[in-house]
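Worksheet for the structure shown next.
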Amino acid sequence: MARRRQEIALQTEIETQEEWNENINKEGLTVIDIYQQWAGPCRSAEGYFKKIKSETDEPLLRFAISYGGPCKALEPKFRAIKNTLGDPLLAFAIAKADTIDSLEKYRNKCEPCFLFYASGVLVDSVIGANAPALQRKISSNLEQEKKVLKEGGQRIEHRVQYAEVEEEDDDDAGGAKRKRSPSIVNAIASHQYTLATIRPDAYADGKVDEIIQKIVPHGFRVLLQEEHNLTEHDARQFHRHRMNEEGYEDHIKHMTSGPSIVLLLQKTDAKEASLDEFRELVNSDQLLKETVDCTQSADNVQQDLMLLLPNVAQKPQSAREKEIERTLALVRPSALKLYKDAIVKRIQESGFSVTRTAEVQLTQAQAEQFYAEKKNEPFYQDLIKEMTSGPSLALYLTKKDAIQGFRTLLGPADKARIKEATGTFRHDFDIVDAKINSLHAPGSRTEVNRNLQFFFPEERILVVLKPGLTDQQRAEIVDAFRKAHFFVMARKTLTLTQEQATKLQHAHHGKEYYDELIHYMTSAPSELLVLVKEDASKSWHEVVGPEEPAKASETAPTSLRAMYGKDLVHNAVDISPNVQQAKDDIHMIFGDLDKEEHGTIEK
């Protein structure tokens with residue numbers, strides 16, 4: 001037992017974002033075994049790491065693997081590698097991808113992925129069970145990091161060539177997809193960054209490189225450099241700390257006179273002092289003091305990110321929301337007769353929230369409508385016969401990664417394969433004599449939307465969280481909708497164009513505040529949400545309250561406009577006035593949310 005405890009201690013266990021930040025930013029080459037709870041860490045690799053550790057005792061080398069199961073094929077090759085790293089700088093750790101924001105894109109992967117970090121910088125990777133590549137890269141990266149530590153120099157950031165590992169934001173203004181490096185993703189997720197603007201005159205005079213060369217030697221790295229035209233609203237918000245200083249109005253006029261350069265910065269050791277240390281650097285250097293403005297406090301940094309780099313800020317803000325999905329579980333008639341309570345209990349024990357249920361006896365026409373896409377399949381007649389033989393149970397489920405998660409729990413759809421899939425729903429609740437499996441679940445968001453609409457008819461509304469709200473206020477508003485049983489189907493943060501604002505605010509055209517409203521709605525980013533609920537077009541009024549905040553305070557003091565609104569222009573929340581208008585508005589902002597996506601529909 002003592003020996004087992006000693007072996008486990010060789011690999012530090014990482015389960016939180018804070019622990020992740022601490023470990024990848026340790027001095028040296030870091031390699032961490034990233035696992036998922038459903039699969040566990042790569043056990044054969046774990047044995048390999050322990051053998052290397054026992055022979056090298058190297059504290060500056062750690063590994064990262066994103067993998068969904070054991071890696072037996074590599075074990076003999078690992079034994080051959082173990083004697084090649086006779087260096088006293090070697091250590092290991094394991095990290096749970098399920099609970100660490102920076103590892104979101106490594107979830108639901110089935111291929112080994114080895115990530116190499118050097119003092120917080122991702123410097124290399126190996127995808128797949130490639131022992132020769134591992135041997136070469138472990139040795140070369142270890143030697144390179146020792147050289148950097150001894151002689152100095154710059155670590156070059158590596159981009160993982162792995163499906164969907166890079167963050168991809170929605171289309172930018174030019175229609176292109178913005179991809180963000182792992183360092184940006186990690187910095188934003190861990191709140192270890194700061195922002196700066198290089199003033200228009202310095203940019204116009206070609207001083208950007210000179211300014212950056214002043215910054216980098218003080219231990220900062222530039223994660224992102226982007227041109228940005230500050231509106232008056234942007235400038236006043238970013239420089240709000242100077243509001244009472246002499247020359248404030250002149251400074252605002254200067255900052256809106258032409259394009260600035262926005263810098264997203266992080267200390268190379270990624271400590272939380274990034275913001276304070278950079279502010280001190282700007283105040284102590286004459287060139288920087290005359291050409292650069294920066295975020296002043298940790299309380300403002302997220303708001304400044306939304307203000308200056310809304311496309312970059314969008315993903316981290318909605319990452320948790322993205323994980324929360326909805327899906328349908330349909331228990332077919334034969335299984336419902338025998339296993340109803342057991343199936344529902346098993347679903348709940350698997351971590352799914354059952355928000356609504358419906359026991360429905362399908363007619364022939366309804367069954368044929370629901371399974372119209374399966375009409376040419378050889379099992380179609382058996383499927384329709386089963387679905388009309390008695391009542392079915394439809395369950396509206398929500399959970400992080402609900403769609404793929406529930407499909408995995410179901411097991412194979414083919415009856416011939418079900419008997420081998422022990423532990424799955426379709427195996428454990430199988431009706432042996434039935435020609436059709438016991439449960440159905442959709443395989444894509446498009447199919448989920450279609451299936452849920454069939455059993456639980458819903459309406460969609462577009463909600464606009466207006467500019468000027470803080471992150472905390474936006475979170476509270478979204479939470480209020482959730483508590484009223486709305487589901488967030490889609491969300492996006494963007495600065496509305498004149499055309500978009502005009503269409504969204506069409507109902508206000510001709511009113512005395514209309515021009516002010518349009519200017520306000522195009523002055524800074526808004527957050528737009530598609531919410532769904534059975535009676536969404538009626539029930540939102542209770543949550544949001546009257547349009548005029550003063551009236552809302554009198555008649556609905558707990559409504560959103562009463563709590564967060566100021567006047568008819570700055571009333572915090574705007575909603576499409578009716579179902580048809582909501583449909584048009586949603587399409588304008590999000591496109592076709594029902595457009596068919598990849599995924600399968602099984603029998």
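Counting begins at 1 with the first residue of the sequence.
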Sequence neighbours left out, what passes side-chain contact (heavy atoms from CB on, under 4.5 Å) with [X]? Give chain and number order.
X      : answer
Gln453 : Pro457, Glu458
Gln472 : Thr470, Glu476
Ala342 : Phe429

- Query: Within 45° of the ring axis of Tyr380 and under 6.0 Å from its six-membered ring centre, is that where the NZ or CZ of Lys374 lies?
  - Reply: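 That pair does not qualify as a cation-pi contact.
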
- Answer yes or no for Lys435 and Phe379: cation-pi contact, defined as NZ/CZ to six-membered ring centre under 6.0 Å and angle to ring axis within 45°.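 That pair does not qualify as a cation-pi contact.
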
- Please check if the distance between the ring centroids of Phe455 and Tyr396 is under 6.0 Å.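 No, the ring centres sit 6.0 Å or more apart.
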
Beyond-backbone contact of [X] with [Y], side-chain heavy atoms, under 4.5 angstrom:
X      : Y      : value
Asp428 : Arg346 : yes
Val344 : Val331 : no
Val532 : Phe456 : no
Met387 : Ser392 : yes
Ser576 : Ile461 : no

Separation of [Y] [atom2] from [X] [atom1] (nearest 0.5 Å):
X      : Y      : atom1 : atom2 : answer
Leu383 : Glu377 : CG    : CD    : 10.0 Å
Thr424 : Ile418 : OG1   : CD1   : 7.0 Å
Arg407 : Leu439 : CZ    : CG    : 12.5 Å
Ile586 : Asp592 : CD1   : CG    : 11.0 Å
Arg491 : Arg474 : CZ    : CZ    : 9.5 Å

- Message: Here's a test for you: under side chain to side chain donor-acceptor pair (under 3.5 Å), which of Arg460, Gln581, Glu459, Gln580 qualifies with Ser537?
- Response: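 For Ser537, the side chain to side chain donor-acceptor pair (under 3.5 Å) check succeeds only for Glu459.
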
- Verify the neighbour count for atom CD of Glu542: are there more than 12 heavy atoms of other residues, nucleotides or ligands below 6.0 Å?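 For Glu542, atom CD is not crowded (no more than 12 foreign heavy atoms under 6.0 Å).
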
- What do you reckon, is NE2 of His485 surrounded by more than 12 foreign heavy atoms closer than 6.0 Å?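 Not buried by this count: 12 neighbours or fewer within 6.0 Å.
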
- Message: Lys483 vs Asp479, test: salt bridge (charged side-chain N to carboxylate O under 4.0 Å, His left out). Steps then yes/no.
- Response: CA-CA 6 Å; Lys483 289 178 179 177; Asp479 189 52; 3.3 Å; yes

- Sort and list the pairs that fulfil ring pair (Phe, Tyr, Trp, His ring centres under 6.0 Å) and have at least one residue in residues 397-422, not counting sequence neighbours.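 Only Phe352-Phe406, Phe406-Phe425 qualify under ring pair (Phe, Tyr, Trp, His ring centres under 6.0 Å).
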
- Message: Among residues at least two apart in sequence or on other chains, which ones pass salt bridge (Lys or Arg N to Asp or Glu O under 4.0 Å) with Arg417?
- Response: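 By the salt bridge (Lys or Arg N to Asp or Glu O under 4.0 Å) rule, Arg417 matches no residue at all.
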
- Closest non-hydrogen atom pair between Glu527 and Thr493, with its separation: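 It is CG-OG1, 3.9 Å.
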
Atom pairs and distances, side-chain donor-acceptor, residues 333-341, under 3.5 Å, sequence neighbours left out:
unit_1, atom_1, unit_2, atom_2, d
Ser334, OG, Glu386, OE1, 3.0
Ser334, OG, Glu386, OE2, 3.1
Lys340, NZ, Glu359, OE1, 3.0

- Item | Worked verdict on Val488 versus Leu531 for side-chain contact (heavy atoms from CB on, under 4.5 Å) | CA-CA 5 Å; Val488 181; Leu531 303 184; 3.7 Å; yes

- Does the pair Leu328 and Leu397 meet the rule for a side-chain contact (heavy atoms from CB on, under 4.5 Å), with working shown? CA-CA 6 Å; Leu328 175 85; Leu397 308 180; over 6 Å; no

- Electrostatic pair Arg445-Glu325, nearest N-O below 4.0 angstrom: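 Judged by the 4.0 Å cut-off on N to carboxylate O distance, Arg445 and Glu325 do form a salt bridge.
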
